[in-house]
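Every chain is numbered from 1 and lettered A, B, ... according to where its sequence line falls, protein lines coming before strand lines.
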Amino acid sequence: MTDWNAMSDAEFRKEVRQFFEAEYPEELRHLPHRPKFAEIEHWHRKLHAKGWVAPAWPAEYGGMGLSAAKLLIFYEEQQRWGVNRGRDMGVQMVGPLIIKFGTQEQKDYWLPRILSCEDIWCQGYSEPGAGSDLANLRTRAEADGDDFVINGQKIWTTMAHDATHIFMLVRTDPDTPRKQQGISFLLAPMDQPGVDVRTITTLSGETEFCEVFFDNARTPQKNLVGELNKGWTMAKALLSFERIFIGSPSLAQNALGQLESFARGRGAFDDPVFRDRFAQAALDVEDHAALYSRFADQLKRGETLGADVSMLKIWVTECFQRITELMIEAAGPDGGTIGPLQVGNVGVDVLSSFYKARPTTIYGGSNEIQRNILSKAVLGLPG
Amino acid sequence: MLSSDQEDLRLLRESARILFERAGGSGRSRKLRDAGGGWDAAMIRELAEAGVFGVTVPEENGGLGMGLAAGGVIAEEVGRVIAPEPVVVTVGLSLGLLRRLCPDHEKVGQIVGGETVLAVAWQERGPNGGPAEASCRYTDGKLTGGKAWVVGADGADGFLVLAEGDSGPVLVLADAKANMLSIKKKTQADGSVMGELSFSETPAEQLAEGPAVQDALTEAVNDATALAAAELVGLSDRAFEITLDYIKTREQFDKPIGSFQVIQHRAVDLHVMREVAQAGVREVLAQMDHETDPKTRARLASRAKARAVSAAKKITRDAIQLHGAVGYTDEFDIGLYLNRALVLSAWLGDDAYHRRVWFDAREEEGAA
Ligand SMILES: Cc1cc2nc3c(=O)[nH]c(=O)nc-3n(C[C@H](O)[C@H](O)[C@H](O)COP(=O)(O)OP(=O)(O)OC[C@H]3O[C@@H](n4cnc5c(N)ncnc54)[C@H](O)[C@@H]3O)c2cc1C
């Protein structure tokens, strides 16, 4: 087994880059939509054979065991080459939770299946009445013999129509003083009569997310991860690394590159007003990257990140949105046209970038919620 | 663990902060403004003793030999207390020129030692009021013409003047008390004075000549631009702190105004802006220390100034709004920060100007 962390950063980066450049299918680079598993299965097999599906997991569980520093490099290279993250909710979310809180039996059973994508996971947290106020969730799970019986509804469940399993937060005790209590973390199979998945069409016409209805659906009690009624704190504990990842510069950097080639092709730079706004956006991206590396350096020094890392997400997602808005402006009368717009010999899908940018300020804790967090946890403002 | 470089900068920041706070912080700056907008000669000597002016001057010429990143640390501290002493002018411009053109000249040691302060006069005002082609002449040891936007003109002991000599550009030194030198003083928003100089056969000593003069000027202006950005970063930092304290303590509707979400979110936006500016400007200064190509250095300096100005404008202006009417008074310190931000923004190019310069430089590099 290779000890990646023993390599120099430069060597490691080279190794990762070479693998992506040589092996990643060209037609899957910078995919504008979320793929179904079948579309990327071939790539996943290669990654799996290489042992690179789970860069962050400890090696003993089949991961690469990367340090924070190496992990950042891995993701930077992935994003640089436009490598799709695949159906990674298993790897990114359930896996780490099972590793941290699961029993040996759960680890032995679930982890290899996540790596091989034998199980494909979706995340069932949000409900119609529980969005930003997630702790308001009402989907019930009640013990019945060896099983839990689940009733309720999840919504906005990304790619639930292409998943075999759902990890969910459910209410296991409805009578607690605080609504954050009485919530548990549960794994459930999707392929059963009590689970009904309906796709929701997004603004861009894609079917990316779903409603999932539970009508006396069942899952064995042994699929409870961690302690009963302790799901809330467990789910929170997972967020720390995600928080820098979601604020990484790559989305905005890629969009800026797209904007630049599109605007150049369309002659938009002849307009001094456009030039200024482009310069503003480009500088926003550069200076964000400087702030990002400050946090990344902190991780590399082995420090844990504080709540202030939220500012990366606020800045970069809003910047990403402005960049895609500029693309639409540069498109002029084509700004409402679906599909790639031709500039020179490349097609730039302006609307799809625009749509992709919209929800980034909504999910992962909306930007308003991030501002609430910063104002209290970092600025110490009252109330 | 911080690297040793970072550790050096941290210590430098700490000692500069202590020095300014002991001297009286922003209260001292207010007093000096009220007394007519000059600086404090004793403070110049104290800063010199701490090595401030020689921060980027090589050790063999009596400086600390630390580089622009260290200069930026000091400039940030100057900005935090809006100190009127011409630190950026000295480190960036006057020593920026002298250390490149004539590092062994006696003036270098005198400036580093705080015995003398020189201002730099290079821009000229055209008939429409804006900057114009230079036309100031130097022949037979005498200067003729005019210079505008000279920062520190009121207290400087002399002027480093860029002029056209008999065979190309020259850098000359004119004494502030020289004959046939008149100084028109223009008071700035922060109470400081900017000078318009006119020379009619004013005696001056030549320090350097040839194309090197123009090159050194370009680099000195790059340095000063980036350092002014750092000063704005420090200023923004402190202006935000003052505002944050205020919204935590001012009560309306029986609560601190900082408990209202709209105020909280605006405060967060200012905080994020200050952090982005700080990270961006510090990165630029560190990169400029390792960059030798003047064009790339100019692009970097523009990036820093564009960011620092836009952040400082937004932070100081929103700060006034968040203070309510007291923010509009002269009595509250926050106004001093707004006024200094106005002056530092206009000096050496504002954000819109530097975005233009940055964009053009980027295009040129892309084409090359
Ligand atoms: C593309 C996409 C994919 C998603 N995928 C998943 C998934 O796979 N699994 C899953 O569980 N969820 C998923 N979500 C749901 C996501 O987590 C929620 O959308 C998010 O938590 C916000 O909840 P909401 O949509 O109900 O908005 P609401 O909470 O109703 O918010 C509406 C507006 O009010 C603002 N607001 C709410 N509370 C406050 C407050 N206290 N202060 C100030 N403003 C406030 C919000 O910022 C927002 O602007 C996805 C969402 C999107 C858009």
Undergrad: Salt bridge (Lys or Arg N to Asp or Glu O under 4.0 Å) with Asp351(B): which of Lys313(B), Arg303(B), Lys305(B), Arg356(B)?
TA: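 Going through the options one by one, the only one that passes is Lys313(B).
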Undergrad: Using non-hydrogen atoms only, which part of Glu260(A) is less than 4.5 Å away from chain B: side chain, backbone, both, or neither?
TA: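 For Glu260(A), the side chain is the part near chain B, not the backbone.
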Undergrad: Does any backbone or side-chain atom of Arg264(A) lie under 4.5 Å from a heavy atom of chain B? Answer side chain, backbone, both or neither.
TA: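 Only the side chain of Arg264(A) comes within 4.5 Å of chain B.
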Undergrad: Report which part of Asp297(A) has an atom under 4.5 Å of a heavy atom belonging to chain B: side chain, backbone, both, or neither.
TA: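 It is neither, since no heavy atom gets under 4.5 Å.
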Undergrad: Less than 4.5 Å to any heavy atom of chain B: does that hold for the side chain of Leu374(A), its backbone, both, or neither?
TA: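 Both the backbone and the side chain of Leu374(A) come within 4.5 Å of chain B.
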Undergrad: Let me see the working for Leu379(A) and Leu244(B) under side chain to side chain contact (heavy atoms under 4.5 Å, CB included), right down to the final yes or no.
TA: CA-CA 8 Å; Leu379(A) 301 184; Leu244(B) 189 60; 3.9 Å; yes
Undergrad: Please look at Ser293(A) and chain B and tell me whether the side chain, the backbone, both or neither of the residue comes under 4.5 angstrom of a heavy atom of that chain.
TA: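 For Ser293(A), side-chain heavy atoms alone lie under 4.5 Å from chain B.
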Undergrad: Measuring heavy-atom distances to chain B, does Asn367(A) have an atom under 4.5 Å in its side chain, in its backbone, in both, or in neither?
TA: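 Neither part, no heavy atoms under 4.5 Å.
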Undergrad: Quick one: does NZ or CZ of Arg17(A) land under 6.0 Å from the six-membered ring centre of Trp81(A), within 45 degrees of the ring axis?
TA: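 No; the conditions do not both hold, so Arg17(A) does not lie above the ring face of Trp81(A).
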Undergrad: Which residues satisfy the ring pair (Phe, Tyr, Trp, His ring centres under 6.0 Å) test with Phe274(A), sequence neighbours excluded?
TA: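 Partners of Phe274(A) under the ring pair (Phe, Tyr, Trp, His ring centres under 6.0 Å) test: Phe269(A).
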Undergrad: Quick check on Ala306(B) against chain A: is it the side chain, the backbone, both or neither that has a heavy atom closer than 4.5 Å?
TA: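 Side chain only.
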Undergrad: Any side-chain donor-acceptor pair under 3.5 Å between Gln321(B) and Asp318(B)?
TA: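 There is no such pair between these side chains.
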